[in-house]
Amino acid sequence: MALVNEHFLKLSDNYLFADIAKKVNAFKATHPHQRVISLGIGDVTQPLCPAVVEAMHRAVDEMAAETSFHGYGPERGYDFLREAIVKNDFLPRGIHLDMNEVFINDGAKSDTGNIQELVRWDNSIGVTDPIYPVYIDSNVMIGRAGILEDGRWSNVSYFPCTAENNFVPQLPEKRVDMIYLCYPNNPTGTILLKEQLRGWVNYALRNDALILFDAAYEAYIQSDEIPHSIYEIKGARKCAIEFRSYSKTAGFTGVRCGYTVVPKELTAVTLDGSRRISLNHLWDRRQATKFNGTSYVSQRAAEAIYTPEGREQVKKTIGYYMQNARILREGLTAQGFKVFGGEHAPYLWVKTPHGERSWRFFEQMLYSAGVVCTPGVGFGPSGEGYVRLTAFGKREDCEEALQRLGDWTI
Ligand SMILES: *Cc1c(COP(=O)(O)O)cnc(C)c1O
């Protein structure tokens, strides 16, 4: 008899975006002539840039000939891509990585979800709140998160990020073993300055904790003062794993490629305290068993982002989204909304004007303006009273949404 992993049963079936879709469909059914504009979408909309498309075509042609065909690739990823990453993403910021510290993957979601396999089930975890749901849910599945009570998991420490603390999470009062950080942040669109990130690295070093740093939105940072990588902080190589993705950087949500950095100095201790074990080695072993590499075509596509043309083209698309963000941020602020984020990330975090609950404000915005947002509480308890808007839409839609919201709030 196969007994089910009952930890899965603790997860709620109500997936945030499915709930939203249901409500939007109900609205459309009763308002067939109203065009709905979505500022809720978490996916990119602009096509792949020409440099990437050409690289993919070339790679497909190689696959078509016996002499240049590629079968299984190395599990860690091809050297050409790992070399390009070390040289372009890290060296210019003064970070020296060994190629074998870089693991190519099929996107950051898999690795942010899988990485928790490397440590015992009874480690404690901490997350900034609100948060990308993958971090907690992947821990729920193996029983590390405890049980859900009033929207909070019993074994998870939440570090609230709200307007009250300017979205800078306070260091834990209670010891935590694993800390998930995502900067620039999804959903709030806010960032951490170097000094603030240093506080977390120092906490981890002092407490022998592990930081899981999701830098999926690194490419949206508009200022050199803001850390692009946690390894810009001294000591981070001893306590942090970093996740990167080409999804938001270069529109790879449908191509699938990203990478994870696991430094050689990073270790975790055995239960009896007698030995420290290299996590780079464990992750390598894990990948060799459970992962057979990212497709050759996707890796050639990613490599093309580092060419001069690719770099220019990708920058232009990010510039387009960030211009959307600026238009939305300035427009909404002029309309009297309290808006956070959107300066170094494609997300705006908007406070509901009269303290309405997130879902109520979501419905008001939908029924009064035909504009879809994402209720903040869907990302965690501290998201209550906020909604998330994204800048991934078309320019015209951002402008029209603003106009409609202006007409509504007058
Ligand atoms: C979109 C996103 C990712 C990237 O996911 P992929 O699997 O690489 O497409 C990772 N982390 C966060 C917080 C995201 O929003």
Side-chain angles (χ1 to χ4, degrees), residues 15-17 20 39-46 48 52 77 81 85 89 102-116 125 127-139 159 161 167 169 179-192 211-221 228-230 240-261 287 290-291 293-295 298-299 301-302 305 314 317-318 321-322 325 341-342 344-349 373-374 376 378-380 382-383 388-393:
Y15 188 51
L16 176 62
F17 291 96
I20 292 173
L39 297 182
I41 119 181
D43 196 355
V44 295
T45 55
Q46 295 292 305
L48 295 171
V52 164
L81 182 54
I85 288 166
D89 284 347
V102 177
F103 296 84
I104 309 298
N105 61 30
D106 61 354
K109 189 188 225 176
S110 325
D111 282 9
T112 52
N114 289 329
I115 200 76
Q116 45 77 27
I125 76 168
V127 296
T128 56
D129 171 34
I131 196 72
Y132 182 58
V134 174
Y135 312 147
I136 294 183
D137 287 0
S138 57
N139 280 287
F159 315 131
C161 297
F167 299 92
I179 298 163
Y180 289 87
L181 297 177
C182 172
Y183 287 99
N185 188 256
N186 177 11
T188 65
T190 58
I191 52 99
L192 279 192
I211 294 179
L212 303 158
F213 189 76
D214 187 342
Y217 296 94
E218 164 276 330
Y220 289 81
I221 294 174
H228 286 243
S229 165
I230 195 164
I241 289 174
E242 181 165 304
F243 305 94
R244 296 270 186 114
S245 168
Y246 298 107
S247 284
K248 317 302 167 23
T249 305
F252 273 41
T253 51
V255 175
R256 312 306 304 146
C257 193
Y259 63 90
T260 295
V261 179
Q287 291 298 78
K290 295 196 179 181
F291 186 61
T294 306
S295 88
S298 296
Q299 293 191 61
I305 295 164
V314 161
T317 305
I318 289 175
Y321 294 136
M322 288 312 286
H344 306 285
Y347 297 118
L348 292 93
W349 194 240
C373 61
T374 312
F379 299 100
S382 296
R388 188 189 75 173
L389 301 183
T390 84
F392 284 134

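None of these values were measured; they are calculated from a predicted model. Note that ligands are numbered from 1 as they come in the structure, with each ligand's atoms numbered from 1 the same way.
When heavy-atom distances to ligand 1 are checked against a 4.0 Å cut-off, Tyr217 comes that close only through its side chain, counted from C-beta outward.
No N or O atom of Ser110 sits closer than 3.5 Å to an N or O atom of ligand 1. The N/O atoms of Asp106, backbone and side chain alike, include none that comes under 3.5 Å of an N/O atom in ligand 1. Any N or O atom pair closer than 3.5 Å counts here, and Thr253 shares no such pair with ligand 1. Looking at Ser247 next to ligand 1, an N or O pair under 3.5 Å apart turns up.
The ligand atoms of ligand 1 that sit less than 4.0 angstrom from a heavy atom of Arg256 are 6 (P), 7 (O), 9 (O). The distance from ligand 1 to the heavy atoms of Lys109 drops below 4.0 Å at these ligand atoms: 5 (O), 6 (P), 7 (O). Atoms of ligand 1 found under 4.0 Å from any heavy atom of Cys182 (numbered from 1 in listed order, with element): 13 (C).
When side chains are defined from C-beta on, Asn186 counts as touching Arg388, because their heavy atoms get closer than 4.5 Å. With contacts defined as side-chain heavy-atom distances shorter than 4.5 Å, the pair Asp214/Tyr135 qualifies. Between Tyr321 and Thr45, the closest side-chain pair of non-hydrogen atoms falls below 4.5 Å. Counting only heavy atoms from C-beta outward, the side chains of Arg244 and Ser229 approach each other to under 4.5 Å. Contact annotation: the side chain of Leu39 never approaches that of Cys373 to less than 4.5 Å [non-hydrogen atoms, C-beta and beyond]. Using a 4.5 Å cut-off on side-chain heavy atoms (C-beta onward), Tyr246 and Ile305 make contact.
Among all non-hydrogen protein atoms, the one lying nearest atom 3 (C) of ligand 1 is Lys248 NZ, 3.5 Å.
For the 3.5 Å distance criterion, the side chains of Asn105 and Ser110 fail to qualify, holding no donor opposite an acceptor.
Residue contacts with ligand 1: Asp214 is included, with a non-hydrogen atom under 4.0 Å away.
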